[in-house]
Every structure is written in structure tokens, then in C-alpha cells.
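Below is one structure, written out as C-alpha cells, with a few remarks after it.
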Protein chains: 2
Amino acid sequence: MQNQVIEDYLKAIYKIQTTSGKVATTALARRLKISPASVTQMVKKLSDMNLVTYTRYQGVELTESGMKIALEVLRHHRLIELFLAEALGVPWDKVHEEAEKWEHVLSEDMEDRIDALLGHPTRDPHGAPIPNRNGEMVETSRLLLADQKAGQTVEIVQVHDHDSELLRYLGGMGLYPNVELQILEVAPFEGPLTIKVADKEYTLGRKAAEQIFVRLL
Amino acid sequence: MQNQVIEDYLKAIYKIQTTSGKVATTALARRLKISPASVTQMVKKLSDMNLVTYTRYQGVELTESGMKIALEVLRHHRLIELFLAEALGVPWDKVHEEAEKWEHVLSEDMEDRIDALLGHPTRDPHGAPIPNRNGEMVETSRLLLADQKAGQTVEIVQVHDHDSELLRYLGGMGLYPNVELQILEVAPFEGPLTIKVADKEYTLGRKAAEQIFVRLL
DNA sequence: CTCAATTTTTAGGCATGCCTAAAATTCAAT
DNA sequence: ATTGAATTTTAGGCATGCCTAAAAATTGAG
Ligand SMILES: [Mn+2]
Ligand SMILES: [Mn+2]
Ligand SMILES: [Mn+2]
Ligand SMILES: [Mn+2]
């Protein structure tokens with residue numbers, strides 16, 4: 001499967017594109033941990049395959065078929081994460097790494113079976129939306145926990161899923177999607193937040209609070 | 001993972017080695033659907049890696065570490081087959097193809113979880129033995145159904161798992177591992193067998209009967 | 001034992017996807 | 001508008017794993 005390489009490029013382009021618009025060579029290189037020169041070369045090939053539009057020095061953008069593949073892989077990734085968590089009891093800080101490999105080998109038939117077994121879920125273990133078979137996805141409106149004010153009660157919607165250590169740290173406090181918490185105090189000068197979860201109080205560093213998305217209750 | 005290529009070579013060598021001793025370049029090439037010239041080249045690399053012993057024109061043999069990897073992959077393959085069948089309800093004629101891809105991406109942690117979930121199984125859906133974590137495997141003594149005489153009652157131990165069509169055919173008659181059947185008649189001149197399974201009679205072609213292993217009851 | 005058929009290896013190539021170093025282009029500060 | 005810094009591309013290479021055609025070694029039939 002050299003498919004894997006293409007799929008990882010498209011997924012990375014998708015992620016950057018949906019968070020910051022145009023996708024520069026360097027940004028892609030940093031995300032994929034590949035030299036910019038190699039990215040340029042590969043991006044030309046993707047362009048030849050009509051998976052991205054590419055203008056020299058201007059960055060890339062997914063075409064419709066590129067987007068379709070990206071969402072397909074994303075669906076695989078998130079379904080697998082949930083499947084691993086639910087069916088095999090894999091802790092939420094380990095599912096990402098495993099799904100990163102499985103996503104490329106899962107057949108459509110297995111995708112459907114997993115989807116059905118899980119009851120056609122719409123969110124992965126980190127709260128990220130799972131695209132449906134048509135590539136449609138419900139992005140819930142969400143706010144950064146770090147931007148909220150003291151006194152508010154919020155519900156966790158999603159957390160960043162790349163940092164295993166962070167996930168273990170959050171898990172230790174019971175900070176999972178759909179969990180409710182109160183913001184007791186927000187220290188000034190970008191200081192930590194004091195929060196209350198399930199009747200326990202914790203101090204949460206700014207860095208951590210910036211990885212957590214919430215909605216107001 | 002170009003690991004995949006090496007793992008597939010070692011698995012193929014293992015299969016040939018355990019059924020017919022020495023492993024010739026051509027046999028390996030045929031099984032892997034790769035030209036003999038390419039096999040020679042790759043086999044040299046495997047030899048450099050100490051995964052096989054290789055003497056020009058004489059074929060290859062797995063070293064201890066080559067054997068270890070082969071059995072590891074085989075364990076993955078068979079555990080996955082059973083997992084797919086049990087956990088996802090995948091029909092037994094489809095599990096092989098899927099496992100062929102998954103076997104190369106499964107982490108040791110997932111292997112252990114699947115193994116535990118299935119209750120440390122010793123047989124895959126086709127009756128093939130699953131090597132344990134140490135690469136040990138219980139090969140049951142088995143006879144070819146095609147070689148048996150009329151009048152005998154036998155139990156299916158294992159069936160060949162490569163031919164999807166055959167598996168569907170056998171499944172239609174309920175011919176799975178651990179199923180008991182009576183041999184009513186064996187037509188002469190390599191003719192078909194008449195068998196009785198779960199009170200129904202079937203005529204089974206020689207070709208099919210040669211793909212089925214049984215033990216006498 | 002010989003030699004033609006078969007098997008296996010060698011030689012030379014190709015595609016993929018990565019790299020570093022150097023050149024080209026763009027950006028941004030004056 | 002200039003120019004130096006940063007970004008991006010080009011050029012030239014390398015490893016992996018496959019191929020075909022040709023050469024070498026083995027085998028086995030007579
Ligand atoms: Mn991936
Ligand atoms: Mn996730
Ligand atoms: Mn395989
Ligand atoms: Mn099997």
C-alpha cells in the first residue's frame with residue numbers, strides 16, 4: 001500500500017486546510033515530518049492525480065476527489081478509534097496511534113460492520129465528529145476552555161487527540177467529552193484555571209486548557 | 001511498513017518449508033506472484049538480515065529469528081481471522097483476505113487484547129492452529145477426507161482457507177471445523193464422496209474433499 | 001556421461017518516496 | 001524601491017522492491 005502515503009498527505013492537507021485555509025509546503029512538511037523539498041515533489045504528483053490544486057509557491061488545496069478521500073480516511077480513523085476503545089477497551093490515549101495504521105487497511109465492508117456494531121456513532125473517543133458514508137460531518141460549535149470566564153459551567157465537547165501524555169493527564173481528572181465542569185477561578189496573566197469536576201477541584205494549566213473545547217451550559 | 005514485504009516472504013517460506021521441506025526460488029515466486037529474479041534478490045537481503053539461510057541454487061530455509069517472525073505474523077493472521085468472524089460477524093470466506101492486510105499493522109498490545117477477548121483461542125475459523133505468544137503451536141494429527149473409506153464417521157479438523165468460493169460451498173453444507181459427518185459412499189476411480197451432515201446427504205467432489213482435513217471418530 | 005530443458009542468478013532498468021544542497025522566488029522591513 | 005530573510009523549488013542522490021532479458025548452473029533422460 002503506497003496508498004498510505006497519499007492518504008496521509010490528503011489527511012494532513014485536510015486538517016491544515018480546515019483550520020487555517022491555504023496549505024503551505026512548510027506547514028505540510030512540519031506536520032508530516034518530511035522535508036519541504038520532498039513535500040513539493042509529492043504535491044506535484046498529487047496535483048497530477050487531480051487530488052489537489054497546486055500553484056508553485058502558492059500552496060495546495062484539496063480538489064473534490066481529494067476531499068472525498070481525506071474524509072474517507074478520517075472516517076476510518078475515527079471509527080477505528082471508537083471501535084478500539086469500545087470493543088477492545090483500549091485507553092483513549094492509545095487509540096490514535098493504532099488507528100493511524102489501521103485506517104489504511106480497513107475495507108469498506110469492515111467499515112460498515114464496525115459502524116453498525118457501534119450504532120452509527122457520530123463522535124470518536126476524543127469528541128471529534130465522524131464523517132458519515134457520504135463524507136458529511138456535524139461540526140458542533142465549540143469554544144476553547146482557556147477562553148472562558150470564572151463562574152461558568154461548561155460541557156467538554158472535544159479534546160485534542162495527538163498528545164498521549166495530555167490525554168492520560170485529563171483522563172486522570174475524568175475530563176472526557178460530555179463531562180460537565182465548573183470554572184471556579186481563572187488566574188490573570190494567562191494563568192491556570194481552577195475547575196470542579198464531579199465534586200473535585202483541580203488546577204489546570206493554560207496549555208492544557210487550550211487543548212480542550214467546550215460548550216456553555 | 002515495508003516490513004509488510006519481508007513478513008510476507010517469511011510467511012510464504014514458512015508455509016512451503018513446513019509442507020515440503022526445502023524452499024526453491026520458483027516455489028516462492030509462484031506463491032508470492034513475483035518473478036523468480038526478484039525473489040532471488042530479496043532472498044539475498046533476507047539472508048543478509050539473518051532471517052534465512054541461503055545457498056545459491058539451493059533454496060532457502062528460515063533461521064531461528066526468521067521463524068520467530070513468521071510465527072508471529074501467522075499468529076496475528078489467525079487471531080485476526082477469528083476476531084473478525086466472532087466480533088464483527090464476517091463470514092469465514094472473507095476473513096482471510098482482510099487478515100492478510102491487518103496482520104502487518106497489529107501492535108503487540110492489540111494482539112494481547114484480541115487474544116484475551118477471544119479467550120486465548122487455539123484455532124482460527126478454518127481450524128488452523130494459532131501459535132501462542134512463544135510461537136508454539138499444537139498441530140493436530142489430521143487426515144485427508146479424500147483418503148477415507150466409506151462407512152466411517154469423522155470430524156472436520158481443518159479446511160484450506162485460500163479459496164473463497166470453496167469456503168462458501170462448504171459453508172452452505174454446514175461443513176465447518178468440529179462438525180461431524182458420515183462417509184456413506186466413495187465412488188471408485190477418484191470419484192466423488194457421498195456424505196451425511198446433520199441428517200442431510202450431499203455429494204462432494206474429489207477436489208473439494210482434498211481440501212478438507214478430518215480425524216476419525 | 002552428455003546435453004537439452006529447466007531452474008536460478010546476474011545485469012540493467014524503473015517507480016516510489018525520501019534526503020541534502022543550492023537556486024529561485026516571495027515577503028517584509030526600511 | 002531595495003534588500004536580506006524566509007519560503008519554496010530544483011537538482012542530484014539513495015534505498016526499496018519490483019521487472020525483463022540474458023547468462024550460468026543444475027537436473028534428468030537417454
Ligand atoms: Mn496514517
Ligand atoms: Mn480522535
Ligand atoms: Mn500479508
Ligand atoms: Mn485461516
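Naming convention: chains lettered A, B, ... in sequence-line order (proteins, then strands); numbering from 1 in each chain.
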What is the distance, to the nearest angstrom, from the CZ atom on R30(A) to the P atom on dT7(D)? 8 Å
Between atom CE in M42(A) and atom C1' in dC19(C), what is the gap in whole Å? 15 Å
Residue closer to the 5' end of DNA chain D, I34(B) versus A24(A) (nearest nucleotide): A24(A)
Is there any side chain to side chain donor-acceptor pair (under 3.5 Å) pair reaching into residues 121-138 of chain B, and which pairs are they, with sequence neighbours excluded? E81(B)-H126(B), E108(B)-R133(B), D112(B)-R133(B), R123(B)-T140(B), N132(B)-E136(B)
Go nucleotide by nucleotide along DNA chain D from the 5' end; which of Q41(A) and T55(A) gets its closest nucleotide reached first? T55(A)
Under the salt bridge (charged side-chain N to carboxylate O under 4.0 Å, His left out) test, residues paired with E61(B) that sit two or more places apart: none
Can you check the L28(A) CG to dC18(C) C1' distance for me, whole Å? 14 Å
With no hydrogens and no angle check, just 3.5 Å: does a side-chain donor-acceptor pair link H77(B) and H96(B)? yes
Would you say the side chain of L143(B) lies within less than 4.5 Å of the side chain of D147(B), judging by non-hydrogen atoms? no
Is it true that atom NZ of K15(A) has more than 12 heavy atoms of other residues, nucleotides or ligands lying nearer than 6.0 Å? yes
Show your reasoning for whether side chain to side chain contact (heavy atoms under 4.5 Å, CB included) applies to V95(B) and F83(B). CA-CA 9 Å; V95(B) 294; F83(B) 178 66; over 6 Å; no
Any side-chain N or O of S35(B) below 4.0 angstrom from OP1/OP2 of dC18(D)? no
Measuring from the side chain of K45(B) (C-beta onward, heavy atoms only), which nucleotide among dC19(D), dG17(D), dT9(D) has the closest atom? dG17(D)
Among dG17(D), dC18(C), dT9(D), the one nearest Y9(A) by side-chain distance: dC18(C)
To the nearest angstrom, how far is N3(A) atom CG from dA15(C) atom P? 19 Å
Check this one for me: any side-chain N or O of S38(B) less than 4.0 Å away from OP1 or OP2 of dC18(D)? no
Among E103(A), H76(A), E72(A), the one residue meeting side chain to side chain donor-acceptor pair (under 3.5 Å) with K11(A): E103(A)
How many whole angstroms separate atom CG of L46(A) from atom P of dT9(D)? 13 Å
Is there a side-chain polar atom (N or O) of K44(B) under 4.0 Å from OP1 or OP2 of dT10(C)? yes
Give T25(A) one of three labels, base, sugar-phosphate or nothing, depending on what nucleic acid heavy atoms sit under 4.0 Å from its own. sugar-phosphate
Quick tally for nucleotides 21-28 of chain D: nucleotides whose base has a protein heavy atom under 4.0 Å get B, sugar-phosphate-only ones S, the rest -, giving B--BSS--
What's the CD1-C1' distance between I6(B) and dC18(D), to the nearest Å? 15 Å
Tell me the interatomic distance from L32(B), atom CG, to dC18(D), atom P, rounded to whole angstroms. 8 Å
Tell me: CG of D48(B) to P of dG17(D), nearest whole Å? 13 Å
